[in-house]
Amino acid sequence: MSFSHKILDWYSAHKRKLPWRETRDPYKIWLSEIILQQTRVAQGMPYYHRFLEAFPTVHELAHASEENVLKLWQGLGYYSRARNLHATAQIVVEQFKGEFPTTYEGLKFLKGVGDYTASAIASFCFDVPEPVVDGNVYRVLARYFGVDIPINSPAGIKYFKELAKEVMDTENIRDYNQGIMEFGAIQCAPKKPNCLLCPLNDGCVALKDNKVDSLPVKTNKTKVRIRHFNYLVYLDERNQTIMEKRKGKDIWQNLYQFPLLESEKEIQAEAFQQHFKSEMVLEPFESYYLFNTEPIVHKLSHQHLHTKFWILKTFHNLENGTPWDVVTKFPVPVLIADFIRTLKI
DNA sequence: AAGGCGGGGTT
DNA sequence: AACCCAGCCTT
């Protein structure tokens with residue numbers, strides 16, 4: 001039996017029942033694929049349901065504000081996905097009369113839709129014979145065919161896409177594509193796959209050569225940058241605070257936070273006032289205290305944010321202040337959301 | 001060709 | 001602590 005038929009057989013016997021497998025609606029498939037980029041099924045699932053409830057069709061999503069879309073996306077990470085999701089919904093509604101493109105090339109044109117996602121939507125919705133190559137597929141192909149070209153090198157990306165094209169089942173592309181990803185996620189797992197009971201173990205090069213643990217090959221170790229964040233949490237006598245929208249090319253673009261002072265090193269409580277009070281450009285304050293003596297270390301993929309929250313009490317009423325009850329309405333990073341949840345005022 | 005971009009689960 | 005997750009975009 002061929003590689004693709006073994007995948008199809010395994011899939012029919014082991015596939016999970018997932019909501020986006022019950023439909024061919026391009027809107028729902030597109031939504032699920034954007035949510036699932038670099039995201040586990042279990043983590044994305046509640047977001048998928050919440051988005052469909054808030055935005056049943058692409059029209060509701062297009063007419064929402066970016067702030068509301070980001071708020072619903074809060075906690076999922078990689079927030080450019082949410083911004084692109086919103087922008088693409090508006091393109092589809094305004095330029096394509098609410099209809100998604102039906103070809104790989106047409107889909108690839110959409111913001112936030114790359115090679116994988118275009119292939120996924122085209123094959124799942126329209127049976128276009130285009131192979132998907134995600135992290136699961138890289139692993140399955142690298143092991144079964146014994147390929148040690150780095151999967152994140154341009155040569156590797158090209159090689160695996162062509163290999164995937166050669167071994168796909170063009171007649172059952174929808175099930176085949178979902179099947180090979182599911183196979184990678186459950187059977188050919190990254191750590192300790194159960195090769196003894198694998199339906200592809202007889203032809204697997206990695207298993208034969210004892211290379212299961214060393215394939216696939218991936219280069220470029222990410223190194224972590226350490227940053228020191230000092231958040232200024234103003235509170236006036238009416239329990240109003242100040243929140244700002246993050247701008248620029250840094251992390252968390254368009255999300256909200258308290259006024260931020262970033263420093264080269266950790267700032268101690270004794271030094272805080274003399275270091276910063278003179279250059280307070282926002283508002284004067286009468287007293288302050290440090291919310292957390294030990295910095296909270298918020299870990300991103302390539303940054304560790306050592307964070308201190310400074311509570312600044314002020315007697316005069318803040319201009320354009322935000323009532324504390326309202327701060328939960330803004331889209332904020334998890335670091336800020338956790339703090340808001342913890343602070344008792 | 002390389003780096004930036006989140007948050008969470010698993011080992 | 002390291003690795004990975006239904007990747008994409010910019011430089």
Side-chain angles (χ1 to χ4, degrees), chain A residues 11 15-16 18-21 29-48 70 73-85 87-88 107-124 131-140 150-158 160-161 164 174 176-186 188-193 213-214 216-225 227 246 248-255 297-305 331-338:
Chain A
Y11 181 57
K15 69 174 173 183
R16 291 168 292 180
L18 301 175
W20 45 86
R21 286 183 178 157
I29 299 292
W30 165 71
L31 174 64
S32 74
E33 291 303 336
I34 302 300
I35 287 175
L36 292 173
Q37 285 167 7
Q38 292 291 284
T39 304
R40 292 169 194 282
V41 167
Q43 189 187 1
M45 184 76 75
Y47 288 84
Y48 176 77
L70 282 171
W73 198 271
Q74 181 179 310
L76 202 49
Y78 285 154
Y79 295 94
S80 65
R81 291 185 292 170
R83 299 190 299 269
N84 287 334
L85 187 84
T88 289
L107 289 160
K108 184 91 161 48
F109 172 78
L110 302 173
K111 286 168 78 174
V113 177
D115 179 82
Y116 163 78
T117 304
S119 304
I121 301 173
S123 61
F124 298 165
V132 293
V133 185
D134 74 334
N136 294 305
V137 177
Y138 278 122
R139 186 168 54 254
V140 173
I151 62 174
N152 55 345
S153 66
I157 293 168
K158 187 169 183 286
F160 280 98
K161 177 78 177 184
R174 177 180 152 100
Y176 169 78
N177 273 344
Q178 304 231 20
I180 190 170
M181 287 192 288
E182 188 84 334
F183 182 83
I186 294 173
C188 196
K191 307 284 184 185
K192 301 190 174 186
D213 290 333
S214 59
V217 174
K218 199 173 183 179
T219 60
N220 300 343
K221 306 275 183 283
T222 61
K223 59 174 181 181
V224 174
R225 174 160 73 123
R227 303 173 71 175
R246 283 186 66 90
K249 294 183 176 180
D250 207 347
I251 57 175
W252 301 331
Q253 192 177 116
N254 291 6
L255 271 66
V297 182
H298 186 75
K299 295 182 176 179
L300 309 180
S301 299
H302 43 283
Q303 294 186 26
H304 287 185
L305 309 176
V332 297
V334 165
L335 172 65
I336 302 296
D338 287 347

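Here the structure is a predicted model, which is why all the values come from computation and not from measurement. As a basis for the values below, the full set of heavy atoms in this structure was taken, side chains included, without hydrogen atoms, waters or symmetry mates. Sequence lines set the chain letters: A, B, ... in the order given, protein chains first and strands last, and positions in each chain run from 1.
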Would you tell me if any nitrogen or oxygen in the side chain of [X] comes within less than 4.0 Å of OP1 or OP2 on [N]?
| X | N | result |
| --- | --- | --- |
| A/R139 | C/dC5 | yes |
| A/K191 | C/dA2 | no |
| A/H298 | B/dG7 | yes |
| A/K299 | B/dG8 | no |
| A/Q38 | C/dC4 | no |
| A/Y138 | C/dC4 | no |
| A/W252 | B/dG7 | yes |
| A/T39 | C/dG7 | no |

Exercise for the section: Classify the side chain of A/T117 and the base of C/dG7 as holding, or not holding, a donor-acceptor pair under 3.5 Å. Expected result: no
Donor-acceptor pair (no angle test) under 3.5 Å: A/R40 side chain, C/dC4 base: yes
When all nucleic acid strands are considered with a 4.0 Å heavy-atom cut-off, which category describes [X]: base, sugar-phosphate, or nothing?
| X | answer |
| --- | --- |
| A/V113 | sugar-phosphate |
| A/D115 | sugar-phosphate |
| A/W20 | base |
| A/D250 | sugar-phosphate |
| A/Q303 | sugar-phosphate |
| A/G44 | nothing |
| A/L76 | base |

Decide yes or no on side chain to side chain contact (heavy atoms under 4.5 Å, CB included) for A/I151 and A/F160, but give the supporting numbers first. CA-CA 8 Å; A/I151 62 174; A/F160 280 98; 3.8 Å; yes
Tell me whether A/E182 contacts the main-chain N or O of A/R16 through its side chain, where contact means a donor paired with an acceptor under 3.5 Å. yes
Within the distance-only criterion (no hydrogens, no angle test), does the side chain of A/R83 pair as donor or acceptor with the backbone N or O of A/Q253 below 3.5 angstrom?
yes
Without decimals, in angstroms, what is the distance between [X] [atom1] and [N] [atom2]?
| X | N | atom1 | atom2 | result |
| --- | --- | --- | --- | --- |
| A/Q37 | B/dG6 | CD | P | 13 Å |
| A/I34 | C/dA6 | CD1 | C1' | 11 Å |
| A/N152 | C/dC9 | CG | C1' | 16 Å |
| A/L300 | B/dG8 | CG | C1' | 12 Å |
| A/Y176 | C/dA6 | OH | P | 17 Å |
| A/I186 | C/dC5 | CD1 | C1' | 14 Å |
| A/L335 | B/dG8 | CG | C1' | 15 Å |
| A/Q74 | B/dG8 | CD | P | 11 Å |

Among C/dA6, B/dG6, C/dC4, the one nearest any side-chain atom of A/R81 is B/dG6
Which of C/dC4, C/dA6, B/dG7 is nearest the side chain of A/N136? It is C/dA6
Ranking A/R16 and A/L110 by the position along DNA chain C of their nearest nucleotide, the one closer to 5' is A/R16
Of A/L18 and A/N84, the one whose nearest nucleotide on DNA chain C sits closer to the 5' end is A/L18
Whole-angstrom distance between [N] and [M], as gauged at atom [atom1]:
| N | M | atom1 | answer |
| --- | --- | --- | --- |
| B/dT11 | C/dA6 | P | 14 Å |
| C/dT11 | B/dG6 | P | 15 Å |
| B/dA1 | C/dC5 | P | 23 Å |

The side chain to side chain contact (heavy atoms under 4.5 Å, CB included) partner of A/V332 among A/V334, A/I336, A/L335 is A/I336
Nearest-nucleotide check on DNA chain B, A/Q43 vs A/P154; residue mapping nearer the 5' end is A/P154
Comparing nearest nucleotides in DNA chain B, the 5'-proximal residue of the pair A/G77, A/K192 is A/G77
query = Parallel, tilted or perpendicular: which describes the rings of A/Y47 and A/W73, with under 30° parallel and over 60° perpendicular?
reply = tilted
Rounding to 0.5 Å, atoms NZ (A/K218) and CZ (A/R139) come to a distance of 10.0 Å
Q. How about A/D213: does its CG atom have over 12 heavy atoms from other parts shown lying under 6.0 Å from it?
A. no
Residue pair A/Y116 / A/E33, side-chain donor-acceptor N/O under 3.5 Å
yes
